[in-house]
A.B. asks: 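Dropping the structure in here first, questions after.
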Amino acid sequence: MQPVHEWQQRLHQHLSTSLRAKLSFFLSLMLTMIMLVAAFGVFRFIESIEQEGWAGRQREAAQNAVRTIDDFLRRIEDTLALVGALSAEQVATSPELLPTVLERAPAWIEIVRVTRDGRVIAKATRDRLLLGDLVTIPMANWFQQARAGQRYFGPLSVTFNSEPYIIVAVPANDGGVVAGRLRMNLLWETVAAIRFGRTGQAYIVDDQGVIIAHADPQLALNYTSIGNRPEFREFPPDGFQRFYINLLGEETLGVALNIPTTPWRLIAEIPESEATELSTRSGIIFTISLILSGFVILLATNYLLDRFTFRILAELRRGAERIGSGDLSQPLPVPQEREVAQVASAFNTMMHQLRARNAEIVRQTESLKAEVRERRRIEQELIRARDAAEAASRAKSTFLATMSHELRTPLTAIIGYSQLLEQLVDKGIYETVAHDVSRIRAAGNHLLTLINDILDISKIEAGRMTVSAEYADVADLVRNAVNTVLPQMEKNHNRLQLNCPSDIGMLNSDATKVRQALINLLSNAAKFTENGTVTLTVTRYEDEGRLWFRFTVADTGIGIPPDKIDKLFKAFSQIDDSPTRKYGGTGLGLALSQRLCELVGGRITVQSTVGVGSVFTIEVPAHLSLPTPVSSDHSLDRSGADEHMVSEAADNPTIPISQAIILVIDDDPTIGELFNRLIPKTEAYVVVAHTGAEGLRLATDLIPELIVLDMNLPDLHGIEVLARLCEDPTLAKIPIVVLTIDDQAQRGLTFAVSEYLVKPVAPDKLIQVVQQHCRRTPNEATDYILIVEDNQALAEMVARTLHTAGWHTEVVSDGEAGLIAVRSKPPGLILLDYLLPKLDGLQFLEALRADPVGRDIPVILMTARDLSADERQQLASSVNAILSKAHFDIEQIVVSIRDILQTKSTIISN
């Protein structure tokens, strides 16, 4: 085996490396395939011709054999028919008739004549009687079938005292039967005489496939059956040739034919080897001839390949070796053959071109070296410029982050003082300066907004802006944003259309960032539209199994040129940045909105036509994917609720939180005016809602001391509003005064109310009801509020505001002094700054909660920093509310204090 394996390896290596070997191998393979196909085709052609010849001869011989047997059977059948033509009396009176028939017809062994009732009237036999001695003739099959008018051919019978026979019966003219035993030896001899070719033979089977006549009598004597073989079951007796394995297990070519007037079938067979002998011999001779011819063709082809191909390839190889060594001076010789001459000429042309290109490459190499040196110099300059730009960016971010606290603190004091002055003016003090003070507050708010935008952009670029998920009602979020931009809409005389279902759904995302982005879009629409319409449409949809909210802001403003749209979302960039531009702004609004939307997984798109208007669309997912959602404890972060209160205050900018609040829910404006004129502002403040839905929202947000409810409202019936108020645990204990136009209407109410007033309301009755159900009670939960703030101006402003609202205050400037004040005189509530000298806010809280005296004192934390979710979680158990100085509002402080002290008072009373 080892030499054979080595020889195979050498052959494979030779074929894989030698073109001559490959061509010779594939040429030999192709010639071999062609010769095999040709030999097979010739063989099949000769075989088909030979089979057709055998088919004709074999079919003809079988038909002749069938005619011979049919003639034999007809002659013997005529003998019985002759006897059957005689009447029973004639046969009975001629006893010598049947013996004479037997003598003249040697094929018969026995003949009997039977009447129609089965009685034998004449009989004759060569050996012993079988049919004539039967006592059960009427029951025999041959009698019944012949009696019915049909010929009968029985099966082969072999007995020990008689030679093989079959019973044949025919009907007689008088209704009787003539039957006889037919000697089978004669039929066997007839079949044995049938020959096909040298070794072909025939045999007869009955309708069950049992051999009744064969050249080999033993097969018939043994009742051999082919009933389950294909030559009997599958091949019809149609005289056509078929190949099969015969009874003896030999490949056979055979035909089958029915023998007329009998249920028998003749099958003629010839061995396949004899039938295909000529085609096999011819195929062998033709194949040998093709092999010899192919070998001669292969030798001639190899000579031609060597003469006209491999010699030229050898010349090309030597030329390539010279080129590889660098010698381009010796061209190849050009032969006479045209195709090969073209290859040699092309090779020589290539050598000439290579010489020219080598010189060009040398020249270009020197030029590339100089260019590479210049590029490296430029690259170094670019790297230095990039480093300088990155350093400038870092410096900008550092500057903005450092200045944020210093800028926000004085701005917060300015805004707080303006609010304080507005409250004083509302009480009738300093009336001449109210207009100027409102301008101071508006300017301060605007400046603070610009600073916050710059800081937000800086935090986003630095990757420090975080998001926190919280649940927010989308309808409330949209209402907040709309209330914020309403003054700007009115300033440019624009109409705001809001399309937002009240049950649009809940948003589990950073609602503050979504609200800020929406406010920016609405502000832009209001600024760039005059005497037009701004439409806000809110919808929700599903995309790939995820719920989304879509906020579409469409305006009829100036529009945006197509070539300017790409500048919309770039920070510090505006469409019109010329010195004489009409519209102001920093160019941060849209850039900030886009990045805020991206932080919560959303996007902003825009479509605009100059002179027609613009459509900005915000799309945000309903659920923000965050690893750790922010706690839903409302006492931890009141920023959402506080901003909501601020937006409500936009409609009622001078709500004095220190006074009692009366909520009037009535669509008649005269009722609200009546309450405002009759109720002194020193006793209570009146808030008017013109619809039931607005009244329910204001009741939840303001928690008034008294609710006055009209029963006929444009959107909700008074009974439904009353039912919702009673279902809310926080509103159920508020006194409710119902206004009706019929004093009998109260009988239909099933809810408990405090009072009924019938329109028109008498002024003295109105004042009496208000004084009865809206009586101010002193706050006993606390004696004073401790303010821990190191900024003197801010601390003074907060203290004066709380004093005006009715609370006593004390101020300390550091954490240690605050702890000393708590231990000496525990306050009812603490306002705590986050950044303090000596002890910061976190250290103060840790020491306060460790002391039993300060463990239960409510704390409101004020900070200029944006706390992370982890920091808020850390502060959750220590503070009652967190207020951001970035969006500082003195009213927010008052609302938070009022809510916390109310909650504490309720707990104490319970």
Side-chain angles (χ1 to χ4, degrees), residues 404 408 445 448-460 464-485 504-523 536 538 549 551 588-604 618-626 628-650 701 861-873 875-876 881-889 891-892 895-896:
S404 63
R408 286 173 176 172
N445 275 325
L448 183 60
T449 300
L450 296 180
I451 293 174
N452 287 335
D453 287 348
I454 296 173
L455 290 175
D456 287 342
I457 286 289
S458 175
K459 285 189 292 184
I460 292 175
R464 292 174 43 244
M465 177 69 78
T466 59
V467 294
S468 58
E470 59 181 347
Y471 282 98
D473 190 328
V474 175
D476 289 341
L477 183 150
V478 171
R479 195 179 302 111
N480 266 333
V482 168
N483 290 336
T484 302
V485 300
I504 187 82
M506 300 295 291
L507 175 70
N508 182 21
S509 183
D510 197 322
T512 301
K513 292 180 174 56
V514 176
R515 185 188 304 108
Q516 184 176 353
L518 183 58
I519 290 173
N520 287 343
L521 293 188
L522 290 170
S523 298
L536 172 58
V538 185
F549 287 101
F551 305 85
L588 291 177
L590 289 177
L592 180 60
S593 298
Q594 183 188 52
R595 294 173 188 179
L596 291 176
C597 288
E598 291 174 350
L599 284 175
V600 298
R603 52 187 174 264
I604 294 182
I618 293 177
E619 294 176 306
V620 294
H623 298 278
L624 177 64
S625 299
L626 284 178
T628 306
V630 177
S631 173
S632 60
D633 187 0
H634 296 290
S635 65
L636 176 62
D637 188 358
R638 297 287 302 272
S639 60
D642 295 335
E643 289 180 11
H644 186 72
M645 291 296 294
V646 173
S647 66
E648 294 298 334
D701 292 342
L861 182 67
M862 299 184 298
T863 176
R865 294 179 62 241
D866 290 323
L867 301 180
S868 65
D870 293 337
E871 290 174 326
R872 290 180 180 272
Q873 188 68 29
L875 293 170
I882 300 174
L883 302 179
S884 174
K885 290 184 179 180
H887 305 282
F888 191 82
D889 195 317
E891 292 178 359
Q892 180 181 343
V895 171
S896 299

A.B. asks: Could you give the distance from CG (Leu599) to CD (Gln594), rounded to the nearest 0.5 Å?
C.D. replies: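 CD of Gln594 is found 11.0 Å from CG of Leu599.
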A.B. asks: State the CD-OG1 distance between Gln516 and Thr484, to the nearest 0.5 angstrom.
C.D. replies: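 Reported value, rounded in 0.5 Å steps: 11.0 Å.
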A.B. asks: Taking only residues two or more places apart in sequence, or in another chain, which ones meet Ala517 in a side-chain contact (heavy atoms from CB on, under 4.5 Å)?
C.D. replies: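 Applying side-chain contact (heavy atoms from CB on, under 4.5 Å) to Ala517 gives Ser593, Cys597, Ile618.
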A.B. asks: Does any part of the side chain of Met506, heavy atoms only, come nearer than 4.5 Å to the side chain of Asp473, both counted from C-beta?
C.D. replies: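 Answer yes - side chains close enough.
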A.B. asks: Quick check: closest heavy atoms across Gly505 and Phe549, and the distance to 0.1 Å?
C.D. replies: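 It is C-CZ, 4.2 Å.
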A.B. asks: Hey, could you give me the CD1/CG distance between Ile504 and Asp476, rounded to the nearest 0.5 Å?
C.D. replies: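 Rounded to the nearest 0.5 Å, the CD1-CG separation comes out at 12.5 Å.
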A.B. asks: Minimum heavy-atom separation for Leu507 to Pro621, with atom names?
C.D. replies: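 So the two residues come closest at CD1-O, 3.5 Å.
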A.B. asks: Please report the closest heavy-atom contact between Asp510 and Leu624, naming both atoms and the distance.
C.D. replies: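 That closest heavy-atom pairing would be N-CD2, 4.2 Å.
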A.B. asks: Using 0.5 Å steps for rounding, measure from the NE2 atom of His623 to the CG atom of Asn508.
C.D. replies: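 Going from the NE2 atom of His623 to the CG atom of Asn508 covers 6.0 Å.
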A.B. asks: Are Phe551 and Leu521 side-chain neighbours, meaning at least one heavy-atom pair lies under 4.5 Å?
C.D. replies: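 Not touching, per the 4.5 Å side-chain cut-off.
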